[in-house]
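Side-chain atoms are counted along with the backbone in the values below, which use heavy atoms only and exclude waters and symmetry mates. What you see is a predicted model; the values in this text were computed from it and never measured. Each chain gets a letter, A, B and so on, in the order its sequence line appears, and its residues count up from 1.
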Number of protein chains: 2
Amino acid sequence: MDEGLIAAVRRFNRTVTQRVGALDDEYMNRGRPLAQSRLLWEIGPDGAEVAALRTRLGLDSGYLSRLLRTLEGDGLVSVGPAVGDGRVRVAALTDAGRAEWVELDERSDEFARSLLEPLTERRRERLVAAMAEVERLLVASMVVIEPCPPGDPRARACVRAYAREVAGRFDDGFDPALSRPVRDEELVPPAGVFLLATLNGEPVGCGAVKLHRDAPAEIKRVWVSDAVRGLGLGRRMLDELERHAAERGWTAVRLDTNRHLIEAIALYRSAGYREVEAFNDEPYAHHWFCKPVAP
Amino acid sequence: MDEGLIAAVRRFNRTVTQRVGALDDEYMNRGRPLAQSRLLWEIGPDGAEVAALRTRLGLDSGYLSRLLRTLEGDGLVSVGPAVGDGRVRVAALTDAGRAEWVELDERSDEFARSLLEPLTERRRERLVAAMAEVERLLVASMVVIEPCPPGDPRARACVRAYAREVAGRFDDGFDPALSRPVRDEELVPPAGVFLLATLNGEPVGCGAVKLHRDAPAEIKRVWVSDAVRGLGLGRRMLDELERHAAERGWTAVRLDTNRHLIEAIALYRSAGYREVEAFNDEPYAHHWFCKPVAP
DNA sequence: CCATATACCTGACTTTAGTCAGGTATTGGT
DNA sequence: ACCAATACCTGACTAAAGTCAGGTATATGG
């Protein structure tokens, strides 16, 4: 990889990431330890489940509990059981906590304003556009693709999003009952694998491969959320699925797709897939592709 | 200011600044407390004065001393007196320290690479370009303009850079001895003021105003370093100088300039200056400008 | 040569952050 | 009704970060 690009990224990390990050923290901080402010902020006016806070802030369970007790002691937060499940606890801001939250929100605004303030209108817009570009492209590095049980709620959410999307694009909707079924067991090793793509813990894409006996592996349910489209994630997902199939000894993968999924078709072609005769009777399919793979 | 722009900056701070910043820290960190790693890094292969480290890292004097003792104890750093001044101490890396520094350097590279890795060549270039744009525009918010004694070494450095630059642009060089002299005392309150622009402590620009008795205030030595040109810093410097004059009761400021300083002339015009008859016999001047000011 | 300023160091703290090994209450399956 | 799993909490720590009030050695200006 080009040394110049790496040097540029490092310079950016140093000047922007470290310095602006530290300043932002300082603004957040005021009187209260940073971790408390951050937590208070993260709870937000609508409240939040403790588990959600834990993953979003990446805190130890015990540590988070303690922080919540402190905020409760200061009368800023109240923690109670969730309605559906008594084990789950929900943190909500009290009136005082809400006031404090508004204060933090204003500080944060103030800091953002201080960055834009010395610039002319034109430069402000250029800055914001460049920030959006950086943010978007960095997302690609933040997405993690890993195996996940197909029964996991996040996996289910992805599959539902997938079904919803194709339903909107196929000629006459999409009824999963009419499509060739995929049972969960078929997507669990050694029969197959389900991969989940997550961004900061949130599901943003999925893909699966069924390892048929005495037949090429079959790729299913490749889906990428709108939020992260255009970042090469679909390609990465395909690569991973192919890798899994190849590592387990399969020498070819194949898949079927609908004529309306034109970006997907373009992706398959550019990824080395060749169109072949129909190898199944999937009612929603118009194209069938195959690609040889090697470990 | 537009709410949308502020929201975009906040999102950037959150996702890029905080998250990438934290990841970068994690890479830096390894076995040793972060503060030590940072310090070791900052000392660098060429060594550094303790005072410089203190300002660059923004650490308490006592804390920094202790960190240095720890690194010394680990055989990574040696601290000795500076050659010119025995009070000043210089930290340098030992062989072991240098090896450790290389390790940190490689980690840092590795992290930068991990951000670029999942992107295609084209996207990598776009990311780096956007990063450079963000960095450059944020610099404008980081520059601090404040009064400074004209005898300060940083002020002297700016004035020298100014002289060097005009010498290269005027028809037949620039000999300060031929120009109308400016004595230091004239740029110290209440006779006048010298403003220094700094970026993270490094001088990047200057400007001065002489508050003549019974005459308009006179602006001198407005200079902006190449490194930060095109960010509106010259305009900010002019504004500050005018403000100083106005606050002390002057109702007009004026200045002279050379015909080769075309960007400067454009700046003066766009800032509301009107060309006037020569009001002095400065041999290097071709244009004289004046502007009314009010507090 | 002396007073004063500079540049750094030391000791004695406090605060914040973070970890880990047990707990208790609730739920869901059998 | 009972057992395992889940979701969170408590107690008892350690480590890292940061602060502050004095120190000591070196320079500088009269």
| task | Evaluate whether atom CZ of A:Arg69 has more than 12 neighbouring non-hydrogen atoms of other residues, nucleotides or ligands under 6.0 angstrom away. | result | yes
| query | Between the side chain of B:Arg98 and the main-chain N/O of B:Leu93, is any donor-acceptor distance below 3.5 Å? | reply | yes
| field | B:Val20 backbone acceptor or donor facing A:Thr17 side chain under 3.5 Å | value | no
| task | Please list all pairs passing the ring-ring contact (aromatic ring centres under 6.0 Å, His included) test where one or both residues lie in residues 70-93 of chain A, with sequence neighbours left out. | result | none
| remark: Here the residues of residues 53-64 of chain B within 4.0 Å heavy-atom distance, strictly under, of DNA chain C are B:Arg54, B:Ser61, B:Gly62
| remark: chain A vs DNA chain C, heavy-atom contacts under 4.0 Å, first-to-last nucleotide span, 5' to 3', is C:dT16 to C:dT27
| task | In whole angstrom, give the distance that lies between atom CZ of A:Arg66 and atom P of D:dC13. | result | 13 Å
| message | Below 4.0 angstrom, which residues in residues 37-48 of chain B have at least one non-hydrogen atom near DNA chain D? | response | none
| A:Arg10 side chain vs B:Asp105 backbone, donor-acceptor pair below 3.5 Å | yes
| Positions of residues 78-90 of chain A (non-hydrogen atom under 4.0 Å from DNA chain C), listed by number | A:Asp85, A:Gly86, A:Arg87
| For A:Val79, does its backbone N or O pair with a side-chain atom of A:Glu72 as donor and acceptor, under 3.5 Å? | yes
| request: Output all residues satisfying side-chain hydrogen bond (donor to acceptor under 3.5 Å, both in side chains) with A:Asp24, sequence neighbours left out; order by chain, then residue number. | output: B:Gln18
| task | Report the end-to-end axis angle of the helix from C:dC1-D:dG30 to C:dT30-D:dA1; each axis comes from five terminal pairs, and the value is rounded to 10°. | result | 20°
| field | Check: A:Arg221 side chain, A:Tyr162 main-chain N or O, donor-acceptor pair, under 3.5 Å | value | no
| query | Can you name the residues that form a ring-ring contact (aromatic ring centres under 6.0 Å, His included) with B:Tyr27, not counting sequence neighbours? | reply | B:Phe111
| message | Under 4.0 Å, counting only non-hydrogen atoms across every strand here, what does A:Arg69 touch: a base, just sugar-phosphate, or nothing? | response | sugar-phosphate
| Listed by chain and number, what are the salt bridge (Lys or Arg N to Asp or Glu O under 4.0 Å) partners of A:Arg236, not counting sequence neighbours? | none
| query | Atom CG of B:Leu34 to atom P of D:dA17: distance rounded to whole Å? | reply | 6 Å
| remark: Contacts of B:Trp101 meeting ring-ring contact (aromatic ring centres under 6.0 Å, His included) (sequence neighbours excluded), chain-then-number -> B:Trp41
| field | Pairs satisfying salt bridge (charged side-chain N to carboxylate O under 4.0 Å, His left out), at least one member in residues 50-65 of chain A, at least two apart | value | A:Glu42-A:Arg56
| said: Can you list everything that forms a salt bridge (Lys or Arg N to Asp or Glu O under 4.0 Å) with B:Arg11? Sequence neighbours excluded, please. | reply: A:Glu135
| request: Verify, without hydrogens or angle tests, whether B:Ser78 (side chain) and B:Thr94 (backbone) share a donor-acceptor contact under 3.5 angstrom. | output: no
| request: Evaluate the criterion side chain to side chain contact (heavy atoms under 4.5 Å, CB included) for residue pair A:Met142 and B:Thr15; output intermediate values, then yes/no. | output: CA-CA 10 Å; A:Met142 302 281 175; B:Thr15 60; over 6 Å; no
